[in-house]
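Have a look at the structure below before the remarks.
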There are 2 protein chains.
Amino acid sequence: MPTPPGRKPRKAAPARQPLSQDLIVDTAIRVLDAEGLEAATMRRVAQELGTGAASLYAHVSGKEELRELMLDRVAGEVRLPVPDPARWQEQLKELAMETHRVLTSHRDIAQVSIGLIPTGSNLLSVAEAQLALMRAGGVPPRIAALAVDTLGMFVDADAIEGTIYSARLNGGAEAMEKFIHYLGEIRDFFKALPADRYPNVVAMADELTETGGDARFEFGLDILIRGIASYVDAPEPS
Amino acid sequence: MPTPPGRKPRKAAPARQPLSQDLIVDTAIRVLDAEGLEAATMRRVAQELGTGAASLYAHVSGKEELRELMLDRVAGEVRLPVPDPARWQEQLKELAMETHRVLTSHRDIAQVSIGLIPTGSNLLSVAEAQLALMRAGGVPPRIAALAVDTLGMFVDADAIEGTIYSARLNGGAEAMEKFIHYLGEIRDFFKALPADRYPNVVAMADELTETGGDARFEFGLDILIRGIASYVDAPEPS
DNA sequence: ACCTGAACACCGTTCAAGT
DNA sequence: ACCTGAACACCGTTCAAGT
């Protein structure tokens, strides 16, 4: 069939943007934010871009690399402090909370972070900022290096803990309600346990099933930073 | 064809054990230990049992429940202390290390533990033991409840950290070598970074890429328990 | 160089049918 | 009640073929 007059011969149907690593990561994060990490598959991201999964492999080595690129893009949202040596403990806590906030604002992306040595430029900037704060505060290098790992692990773990249920459910405001309801069921379950085998679990059922909100995270953070600070001008651990 | 004389008419070909939840969990853990969590799929476990995946659904509600049952079975291997109030901090540390040891001896099973509220009987026994130690030591209930969460998170996170690479590789002794080699590459990468943007990462490249072994884990544990102990006979945090 | 369709070797879960 | 095969709707990755 010849093209009828007045109709442009189609070149690229919907004038799609050409593929690029940035575009792929953008799209993957959109899917992540909307439906969680599990939904951000190669095939799904490709479909969102109007192509097939095979096309992504020209820009990304595979699923694992895409996930790491997503995490590093997200890490770019973390606002870094200007070190003030007098306030290093406070600033370290704030940075951990800011990182936690950014991670949890992107569903279960923290899943990618745990057990990953940071190599992306934004992830490295966060690590650099943590190290700078501790060095300014006089924390010995070996302790500071260990503390970066420990703090990162703690932030990741709590971020995962907080998103695992809401990520599994459909998300949205009703997810929170469902979680509260689930916690109530757990509390009743704990209270119904045999008191001779689990006396403390039964007795502390209420305390164990309090959402805590950010309090639990801050509690852990406080004792971690307290511990780090205890090595300032002190001998290293044997 | 009639059955030839002297040959028993086949009833159940290899006289297979009938399916049961225990048998399914046993088999799943065998696959886990041999090839890691990712390999322990419904289909794979069923195949190992000489049947189809659909057959498992009569004994287990799905993949998630199977994983939780696997974790609880593994938790049964944790040796629990007899509380000695005078040594509660030491015993709490030992219990955390024992849990860590058991988890890491089953590949990446810790992945299942993080972000899961314990409901299995063995998991509850571990939590009960932790609570008993802290209560014996005079830790206030609210702090003890928070500390169970925090300690569990920390143990899980470090167990994941330690197994993530070996689990991804084929496992075995050469996995460790490969990991050491990978760490060396990361160290070189850190040292090659622009020193103006990442001065501390460059300067501390060696410290940041030390395997640390169990030292890092113990470091975190020490400061966590130190922090918990600081709430004994002290006012609760606001 | 980049993109594609098709294929390969997998997933978890459901369901009608069998015993 | 328990088990099964087949089907459904997915995965990640590879590869020969196209432009």
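A, B, ... follow the sequence lines: proteins, then strands. Residue 1 opens every chain.
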For C/dA6, the Watson-Crick or wobble partner whose two distances fall under 3.5 Å: D/dT14
Atom-pair distance (CD on B/Glu65; P on C/dG12), nearest Å: 15 Å
Distance in angstrom units between B/Tyr57 OH and C/dA16 C1', rounded: 17 Å
Donor-acceptor contact present, side-chain A/Arg197 to main-chain B/Ser125, <3.5 Å: no
Spacing between A/Glu64 atom CD and D/dT13 atom P, to the nearest angstrom: 8 Å
Donor-acceptor contact present, side-chain B/Glu98 to main-chain B/Val78, <3.5 Å: no
D/dC3 to C/dA16 separation - C1' atoms, rounded to the nearest Å: 13 Å
Residue closer to the 5' end of DNA chain C, A/Ala58 versus A/Arg43 (nearest nucleotide): A/Ala58
For A/Leu23 against A/Leu19, the heavy-atom pair lying closest together: CD2-CA, 4.3 Å
Which nucleotide in D/dC3, D/dC11, D/dG12 has an atom nearest any side-chain atom of A/Met42: D/dG12
Touch class at under 4.0 angstrom, heavy-atom based, for A/Ser55 against every strand present: base
Atom-to-atom span, CG of A/Leu56 to P of D/dT13 - whole angstrom: 10 Å
Nearest to side-chain heavy atoms of B/Ala54, which nucleotide of C/dT4, C/dT13, C/dC15: C/dC15
Separation of D/dC2 P from B/Leu49 CG (nearest whole Å): 16 Å
Spacing of the C1' atoms in D/dC11 and C/dC8 (rounded, Å): 12 Å
Euclidean distance, atom NZ of residue B/Lys63 to atom P of D/dC10 [Å, nearest integer]: 16 Å
Selection from D/dC11, D/dC3, C/dC3 that lies nearest to any side-chain heavy atom of A/Leu19: C/dC3
Distance test, side-chain N/O of B/Thr51 to OP1/OP2 of D/dC3, below 4.0 Å: no
Rounded distance (Å) that lies between atom P of C/dC11 and atom CG of B/Leu37: 13 Å
Nearest-Å distance for atom pair CD/C1', residues A/Gln47 and C/dG5: 16 Å
Complementary nucleotide of C/dT19, counting Watson-Crick and G-U pairs under 3.5 Å: D/dA1
Side chain B/Ser105, main chain B/Val102, donor-acceptor under 3.5 Å: yes
Any B/His59 side-chain N or O less than 4.0 Å from OP1/OP2 of D/dC3: yes
Any donor-acceptor pair under 3.5 Å from A/Glu161 side chain to B/Ile114 backbone: no
